[in-house]
Amino acid sequence: MPKVLIAGEVQDGKLAGVSGELVAAALKLTGNPRDVSIALACDDAAGSAENALACGVGSVYVIEHPALKGAGQGGFDAPVTAFVALLNAEKPDVFLMARTDFGYNVAPRVAFRLGVPVAQDCIDLAWDAASNAAVVTRPVYGGNAMAVYRFKEQRPQIVIVRPKTFEPAASNLSPVGEIKRFGVEIPDSHSRARLVESVKEQRAGVRLEEAQVVVAGGRGLGGPEPFKQLQDLASVLGGALGASRAACDAGWIDHSHQIGLTGKSIGPRVYITVGISGASQHMAGCSGAKTIVAINRDPDANIFKEARYGVVGDWQKILPAFIETVREIKRS
Ligand SMILES: Cc1cc2nc3c(=O)[nH]c(=O)nc-3n(C[C@H](O)[C@H](O)[C@H](O)COP(=O)(O)OP(=O)(O)OC[C@H]3O[C@@H](n4cnc5c(N)ncnc54)[C@H](O)[C@@H]3O)c2cc1C
């Protein structure tokens, strides 16, 4: 079975949730957790290394260097150098990164440096023992079709996995693996891009990507005002507010709320859509949702093919009663 190396991501000193998803993806490739390793490239891995070990993997490689602070200060040059050095030394069969800003920027550059192919935005993967290669599934033609690719003999086989397509691996309370330190030289000349400014998005409440309930609106809302009602509903349910690209492009709501192929990927327990048609590019961002509830006046809207519960009608009539009922249930 293959040896799999995961590029772990560190957020606020802890292992990011998406790295647990990559562990689940890695375990699908190789049944043996001991064949799975996580690499952490950062300036201080004090907390995240223990988190990574608790995922039950065989090894955690810690690559600490001041140049790796903030993912190489946003330029990503330093992590590329660090991962290339580790991959050359450890020679895993498969290298997994998440389709985050970090993975999107780093993985193709690592692939270029090593002269190996990379499969972007994968939503499934498997190991084909006969050809000794990874087989991956990814959406093509804007999400209208799925393509299955098989790697050739090159190593490592680099796969970028879409967030929220795998349930995170349960953290193991009695870790069996070990932490290994890996030293790397990162000359100043390797950091050609420099982060000039970083603006943290201000948002009250739960993050869209982490929310267990998401309420989203689309072009069918007809303007920015109704998003206040959707926000109310999201707040009552302890969830987050989302939107289709059409609503964001119209300027009704900020693009940071956009769900879909070119927006965020979500994986809530409940996803409530209002006035969204369910275009494939939108659905690409919510394939991880467990239950979809759709309100749309067009009975033939594509969203009803994906929704478990659907209400056909004008949201202006349905939504107030819906919100009131949710409030009543909450009160009782
Ligand atoms: C490369 C590419 C990337 C893209 N990326 C994304 C992406 O990341 N996210 C995304 O969302 N889209 C994306 N799109 C756009 C996507 O193709 C659709 O155009 C978009 O999702 C449509 O948004 P919508 O459902 O809000 O609008 P529409 O498709 O116009 O649907 C509006 C819906 O509202 C319903 N409606 C109207 N009035 C009412 C009412 N009063 N009550 C109830 N229902 C009503 C209508 O029946 C209709 O179904 C992308 C497109 C391309 C080409």
Side-chain angles (χ1 to χ4, degrees), residues 18 98-101 103-104 120-123 138-147 160-165 201 207-211 213-234 239-268 270-289 292-326:
V18 75
R99 183 180 166 265
T100 54
D101 267 2
Y104 235 20
Q120 294 263 17
D121 196 20
C122 299
I123 58 167
R138 55 178 302 255
V140 290
Y141 302 118
N144 287 307
M146 295 292 158
I160 304 181
V161 179
R162 181 184 290 186
K164 306 290 179 201
T165 47
E201 183 191 321
R207 286 179 73 225
L208 192 52
E209 302 93 317
E210 310 293 338
V213 178
V214 174
V215 181
R219 193 174 359 228
L221 291 185
E225 281 297 312
F227 276 97
K228 290 189 188 131
Q229 290 181 54
L230 296 199
Q231 178 63 73
D232 280 352
L233 180 58
L241 182 64
S244 71
R245 179 162 152 182
C248 298
D249 284 352
W252 301 343
I253 184 165
D254 189 78
H255 271 284
S256 59
H257 294 269
Q258 185 183 318
I259 294 162
L261 191 66
T262 44
K264 289 182 172 151
S265 294
I266 59 167
V270 180
Y271 180 38
I272 302 171
T273 70
V274 185
I276 290 181
S277 61
S280 58
Q281 296 88 356
H282 182 82
M283 301 316 290
C286 57
S287 54
I292 298 179
V293 181
I295 301 174
N296 195 308
R297 70 178 176 194
D298 174 6
D300 296 325
N302 190 56
I303 191 81
F304 289 126
K305 290 189 190 138
E306 313 282 343
R308 181 175 296 181
Y309 302 103
V311 187
V312 179
D314 186 343
W315 68 265
Q316 301 190 55
K317 292 187 186 134
I318 296 157
L319 199 60
F322 190 81
I323 295 176
E324 195 39 48
T325 308
V326 170

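FYI, side chains are in, hydrogens and waters are out, and symmetry mates aren't considered; it's all heavy atoms of this structure. Ligands are counted one by one from 1 in listed order, and the atoms in each one are counted from 1 as well. Keep in mind that what you see is a predicted model, and the values were worked out from it rather than measured.
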K.L.:
For the atom pair CG (Leu230) and CD1 (Ile253), what is the distance rounded to the nearest 0.5 Å?
P.N.:
8.0 Å

K.L.:
Mind checking what makes side chain to side chain contact (heavy atoms under 4.5 Å, CB included) contact with Pro139, not counting sequence neighbours?
P.N.:
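Per chain and number, Pro139 pairs via side chain to side chain contact (heavy atoms under 4.5 Å, CB included) with Asp121, Ile123, Met146, Arg162.
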
K.L.:
Near ligand 1, which protein residues have a heavy atom under 4.0 Å away?
P.N.:
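Around ligand 1, where the cutoff is 4.0 Å for heavy atoms, the contacting residues are Gly218, Arg219, Gly220, Ser244, Arg245, Ala246, Gln258, Ile259, Gly260, Leu261, Thr262, Gly263, Gly275, Ile276, Ser277, Ala279, Gln281, His282, Asn296, Arg297, Asp298, Gly313, Asp314, Trp315.
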
K.L.:
Where do Ile292 and Thr273 come nearest, in terms of heavy atoms and distance?
P.N.:
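Looks like CG2-CG2, 4.4 Å.
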
K.L.:
Going by salt bridge (Lys or Arg N to Asp or Glu O under 4.0 Å), name the pairs with one or both residues in residues 242-260, residues two or more places apart or in two chains.
P.N.:
Arg245-Asp249

K.L.:
With sequence neighbours excluded, tell me which residues meet side chain to side chain donor-acceptor pair (under 3.5 Å) with His282.
P.N.:
Tyr271

K.L.:
If you look at every heavy atom in Phe304 and Pro299, which pair is closest and at what distance?
P.N.:
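The answer is CD1-O, 3.6 Å.
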
